[in-house]
Amino acid sequence: MKKVYIVQFDWATPDASSVDLYVYDSYDKAYDKFKELICAERKSENSWVGDIEFDDEGYPVDEHYEFDFEDNNSGESEVWWHITDKNDWYMYSYIDLRVMEVM
């Protein structure tokens with residue numbers, strides 16, 4: 001089976017929302033895009049996430065954010081980076097790298 005690698009960026013704010021999909025033929029290309037999107041989200045000029053203070057291990061300091069990530073960069077398994085504002089469940093940024101088999 002052949003594999004494709006999909007990076008999905010699902011985000012919402014009180015004013016707007018979108019799902020952006022990027023499809024790659026290699027894990028490395030998809031992983032680079034995954035990391036690029038996270039870096040862009042952490043800039044205040046790009047996203048509400050940029051205003052959040054993170055500790056040295058990459059977790060939000062303020063506990064009113066729900067945060068989950070898996071970033072093993074194995075070359076085969078899926079990875080994700082999800083953050084949600086617990087005070088406004090409609091404000092979130094979910095970035096996923098999905099591995100899909102195609103026929």
Side-chain angles (χ1 to χ4, degrees):
M1 291 265 174
K2 182 172 170 73
K3 293 182 180 178
V4 295
Y5 306 90
I6 299 171
V7 177
Q8 178 178 312
F9 179 27
D10 179 2
W11 62 270
T13 65
D15 301 332
S17 65
S18 183
V19 176
D20 303 324
L21 298 173
Y22 307 88
V23 180
Y24 296 92
D25 61 355
S26 78
Y27 186 91
D28 290 337
K29 291 176 191 175
Y31 186 77
D32 288 346
K33 183 63 173 182
F34 172 78
K35 295 303 275 189
E36 175 188 314
L37 289 170
I38 293 169
C39 288
E41 274 299 279
R42 293 195 54 190
K43 293 181 181 177
S44 59
E45 63 269 13
N46 294 339
S47 171
W48 64 275
V49 178
D51 295 328
I52 299 171
E53 181 181 351
F54 288 84
D55 65 19
D56 293 338
E57 295 179 9
Y59 289 90
V61 174
D62 190 334
E63 292 188 15
H64 84 265
Y65 297 103
E66 184 172 288
F67 182 68
D68 183 37
F69 77 100
E70 173 60 48
D71 187 1
N72 59 36
N73 190 17
S74 68
E76 290 298 320
S77 63
E78 297 182 352
V79 294
W80 60 87
W81 188 89
H82 296 175
I83 190 162
T84 304
D85 186 332
K86 290 181 187 177
N87 294 331
D88 184 349
W89 291 100
Y90 295 105
M91 192 143 73
Y92 60 83
S93 291
Y94 300 158
I95 303 170
D96 298 272
L97 188 164
R98 300 181 185 277
V99 180
M100 310 288 285
E101 291 184 350
V102 293
M103 299 178 134

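Predicted, not measured: the structure shown is a model, and the values here were computed from it.
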Any cation-pi pair here, K29 with Y24, using under 6.0 Å and within 45°? no

d(F9 CZ, S18 OG) to nearest 0.5 Å is 8.5 Å

Taking every non-hydrogen atom, the tightest pair across Y94 and I83: CE2-O, 3.9 Å

Listing, residues 42-53 side-chain donor-acceptor contacts under 3.5 Å, not counting sequence neighbours, or none:
unit_1: N46; atom_1: ND2; unit_2: A40; atom_2: O; d: 3.0
unit_1: S47; atom_1: OG; unit_2: E41; atom_2: OE1; d: 2.8
unit_1: S47; atom_1: OG; unit_2: V49; atom_2: N; d: 3.1

Rounded to the nearest 0.5 angstrom, the CH2-NZ distance for W81 and K35 is 10.0 Å

Start with the C-alpha gap between V99 and S77, add the side-chain angles, then the distance that decides, and say whether side chain to side chain contact (heavy atoms under 4.5 Å, CB included) holds. CA-CA 7 Å; V99 180; S77 63; over 6 Å; no

Close side-chain approach of D10 to Y92, heavy-atom, < 4.5 Å: yes

With a 4.5 Å heavy-atom cut-off, do D85 and Y65 have their side chains touching? yes

The criterion is side-chain contact (heavy atoms from CB on, under 4.5 Å); which residues satisfy it with E101, sequence neighbours excluded? M1, K3

With sequence neighbours excluded, tell me which residues meet ring pair (Phe, Tyr, Trp, His ring centres under 6.0 Å) with Y27. Y5

Going through the checks in order, is the side chain to side chain contact (heavy atoms under 4.5 Å, CB included) test met by E78 and L97? CA-CA 5 Å; E78 297 182 352; L97 188 164; 5.7 Å; no

Any side-chain heavy-atom pair from H82 and D96 closer than 4.5 angstrom? yes

Among all residues two or more places apart in sequence or in another chain, which pass the side-chain hydrogen bond (donor to acceptor under 3.5 Å, both in side chains) test with H64? D62, N87

Residues that Y59 engages under ring pair (Phe, Tyr, Trp, His ring centres under 6.0 Å), provided they are two or more places apart: F67, F69

Could you walk me through whether F34 and I95 pass the side chain to side chain contact (heavy atoms under 4.5 Å, CB included) check? CA-CA 7 Å; F34 172 78; I95 303 170; 3.5 Å; yes

Can you give me the closest heavy-atom contact between P14 and D88, atom names plus distance? CG-OD2, 3.4 Å

Between D71 and Y31, is any side-chain donor less than 3.5 angstrom from a side-chain acceptor? yes

Distance check, rounded to the nearest 0.5 Å: S26 atom OG versus D32 atom CG? 8.0 Å

To which residues is I6 joined in a hydrophobic cluster, defined by side-chain heavy-atom contacts under 4.5 Å among Ile, Leu, Val, Met, Phe, Trp and Tyr, whether direct or through other members? V4, V19, L21, V23, M100, V102

If Ile, Leu, Val, Met, Phe, Trp and Tyr residues are connected whenever their side-chain heavy atoms lie under 4.5 Å apart, and connections chain through other members, are W80 and F54 in the same group? no

